[in-house]
Enquirer: 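Let me begin by handing over the structure; questions about it come next.
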Amino acid sequence: MRIRDSRRRGRALAAAGLLVVLGVGACSAGGDAGDNAGSAAQPQAVAGGAADRGQAAPEKAQPGGGGADLRVDQRAIIYTGTLQVRVDDVERAAREASTAVTAAGGFVGGDQRNSDSADARAELVLRVPADRFTNVLEALAKLGKQERREVRTEDVTEETVDLDARIATQRARVDSARRLLARATSINDLVTLENEVGRREADLASLEAKKRRLADLTALSTVTVTFVGPEATATEDEEDLGFLAGLRGGWSAFLGSLRVALTVLGAVLPFALAIGVPAAVVVALARRRGRRTPPAGPALPEPAGPVPSGPPPVPAARSGP
């Protein structure tokens, strides 16, 4: 009886455990189904809301997605502009250009003017901040009639980054050489390390000068503006080709060579007259004196006794032994 009761209890416990396992599995399956249904319903609701609004939900760019950083404000770019403007008053236009550049935070780097009324011309080299480069160009073009404009850009970002790396490396080399110099114990080591420190410091100064030059060119753009008067002839930058162009060039070269030859002749002629005329007079006088007094030859010695007449005697032939 006891054995039968223990077997019944074991079967009851096993059945209860099986029921518990089956109940937990059913609950987890129901929860997963509910979650899947909820997640499937959520994008449908979002899509329906976007469809109701008539537009799709925008995608946001994720940082670090592998795209290159192309922002211009993080690049080192050198801007250079050339401008030619025809104006009625060259002097007034030059003054207004200087005032505009100064107001923009720049300065005038060069100023060449020709006040001749027939060919009035003024050429200004202006340095303006890079962020105001375009505004200054537009302001200068409005001072008259723009005839020519050229804008050039040069990206020196890689060169700037390379210079930064080289400067950092060179500074580390200078510091290490200075530490070795501080621990030098002999005269030979001291002299050698001093020379090495001086050489490394010179290389570092050269790199830093290049970096400052690039920083100046990128921070301040260069604008070369030429103001010409209403009667000034426009300069042609394009070169002509062909037979006629070569003929004109050869004729111009011939005239230029002729001018140079005449210039040299005009410079030498006064010296030739001052030196050549007296020299010619002296030579002429010397020749005239030579013709009047013939040169006296050397006196021949007189023979002793009477001079025989007739041919000289023939020596007699010698007889053999």
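Values in this document were obtained by computation on a predicted structure and should not be read as measured data.
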Enquirer: Cluster partners of Val191, using ILVMFWY side-chain heavy atoms under 4.5 angstrom, listed by chain and number?
Expert: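 Its cluster mates, by chain and number, are Ile187.
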Enquirer: Test of understanding: with side chain to side chain donor-acceptor pair (under 3.5 Å), list the residues that count as partners of Thr99, not counting sequence neighbours.
Expert: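 Partners of Thr99 under the side chain to side chain donor-acceptor pair (under 3.5 Å) test: none.
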Enquirer: Cut-off 3.5 Å, no hydrogens considered: what does the side-chain donor-acceptor table look like for residues 176-185, sequence neighbours left out?
Expert:
{"residue": "Ser176", "atom": "OG", "partner": "Ala172", "partner atom": "O", "Å": "3.4"}
{"residue": "Ser176", "atom": "OG", "partner": "Arg173", "partner atom": "O", "Å": "2.7"}
{"residue": "Ser176", "atom": "OG", "partner": "Arg200", "partner atom": "NH1", "Å": "3.4"}
{"residue": "Arg178", "atom": "NE", "partner": "Glu201", "partner atom": "OE2", "Å": "3.2"}
{"residue": "Arg178", "atom": "NH2", "partner": "Glu201", "partner atom": "OE2", "Å": "2.6"}

Enquirer: Who are the side chain to side chain donor-acceptor pair (under 3.5 Å) partners of Arg113, not counting sequence neighbours?
Expert: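 Applying side chain to side chain donor-acceptor pair (under 3.5 Å) to Arg113 gives Glu91, Asp111.
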Enquirer: Once you round to the nearest 0.5 Å, how far does CD of Glu158 lie from OG1 of Thr160?
Expert: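 Spacing of CD (Glu158) from OG1 (Thr160) equals 10.0 Å.
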Enquirer: Is there a path of hydrophobic side-chain contacts, each under 4.5 Å between heavy atoms, that joins Ile78 and Val151?
Expert: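 The answer is no; the residues belong to distinct hydrophobic clusters.
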Enquirer: If the condition is side chain to side chain donor-acceptor pair (under 3.5 Å), which residues does Thr192 pass it with, not counting sequence neighbours?
Expert: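 Once residues adjacent in sequence are excluded, Thr192 has no partner under the side chain to side chain donor-acceptor pair (under 3.5 Å) criterion.
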Enquirer: CD of Glu147 to CZ of Arg86: how many Å apart, nearest 0.5 Å?
Expert: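 So the CD of Glu147 and the CZ of Arg86 are separated by 4.0 Å.
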Enquirer: Between Arg152 and Glu150, is the closest basic N to carboxylate O distance under 4.0 Å?
Expert: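 So Glu150 pairs with Arg152 through a salt bridge.
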Enquirer: So which heavy atom on Pro129 is nearest to which on Gly106, and how close?
Expert: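 Looks like CD-N, 4.0 Å.
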Enquirer: List the atom pairs, with distances to 0.1 Å, where a side-chain N or O of residues 202-217 and a protein N or O form a donor-acceptor pair under 3.5 Å, not counting sequence neighbours.
Expert:
{"residue": "Glu208", "atom": "OE2", "partner": "Arg171", "partner atom": "NH2", "Å": "3.2"}
{"residue": "Lys211", "atom": "NZ", "partner": "Asp164", "partner atom": "OD1", "Å": "2.5"}
{"residue": "Asp216", "atom": "OD2", "partner": "Arg127", "partner atom": "NH2", "Å": "3.2"}

Enquirer: Please list, chain by chain and in numerical order, all residues satisfying side-chain contact (heavy atoms from CB on, under 4.5 Å) with Leu255, sequence neighbours excluded.
Expert: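 Trp251, Arg259.
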Enquirer: Taking atom CG of Leu124 and atom CG of Leu83, what is their separation to the nearest 0.5 Å?
Expert: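 One finds 11.0 Å between CG of Leu124 and CG of Leu83.
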Enquirer: Using a 3.5 Å cut-off and no angle test, enumerate the donor-acceptor pairs between side-chain atoms of residues 135-146 and protein atoms at least two apart in sequence or in another chain.
Expert:
{"residue": "Glu138", "atom": "OE2", "partner": "Arg149", "partner atom": "NH1", "Å": "3.3"}
{"residue": "Gln146", "atom": "OE1", "partner": "Arg149", "partner atom": "NE", "Å": "3.4"}
{"residue": "Gln146", "atom": "OE1", "partner": "Arg149", "partner atom": "NH2", "Å": "3.1"}

Enquirer: Which heavy-atom pair separates Ser98 from Val108 by the least distance, and what is that distance?
Expert: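 Heavy atoms only, the tightest pair is OG-CG2, 3.8 Å.
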Enquirer: Tell me, yes or no, whether the heavy-atom count around Arg199 atom CZ, taken from other residues, nucleotides or ligands under 6.0 Å, exceeds 12.
Expert: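 Enclosed.
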Enquirer: Restricting to pairs with a member in residues 167-202, which pass ring-ring contact (aromatic ring centres under 6.0 Å, His included), not counting sequence neighbours?
Expert: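 ring-ring contact (aromatic ring centres under 6.0 Å, His included) check on residues 167-202 returns no pairs.
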Enquirer: Do the side chains of Val156 and Leu220 join up, straight or via other hydrophobic residues, at under 4.5 Å, putting them in one cluster?
Expert: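 In one cluster with Val156: Leu220, no.
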Enquirer: If a pair satisfies ring-ring contact (aromatic ring centres under 6.0 Å, His included) and one of its residues is in residues 123-147, list it, with sequence neighbours excluded.
Expert: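 For residues 123-147: Tyr79-Phe133.
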Enquirer: According to side-chain hydrogen bond (donor to acceptor under 3.5 Å, both in side chains), does anything in residues 263-272 pair up with another residue at least two apart or in another chain? List the pairs.
Expert: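 Found none.
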Enquirer: Test of understanding: with side chain to side chain donor-acceptor pair (under 3.5 Å), list the residues that count as partners of Asp189, not counting sequence neighbours.
Expert: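 Partners of Asp189 under the side chain to side chain donor-acceptor pair (under 3.5 Å) test: Ser186.
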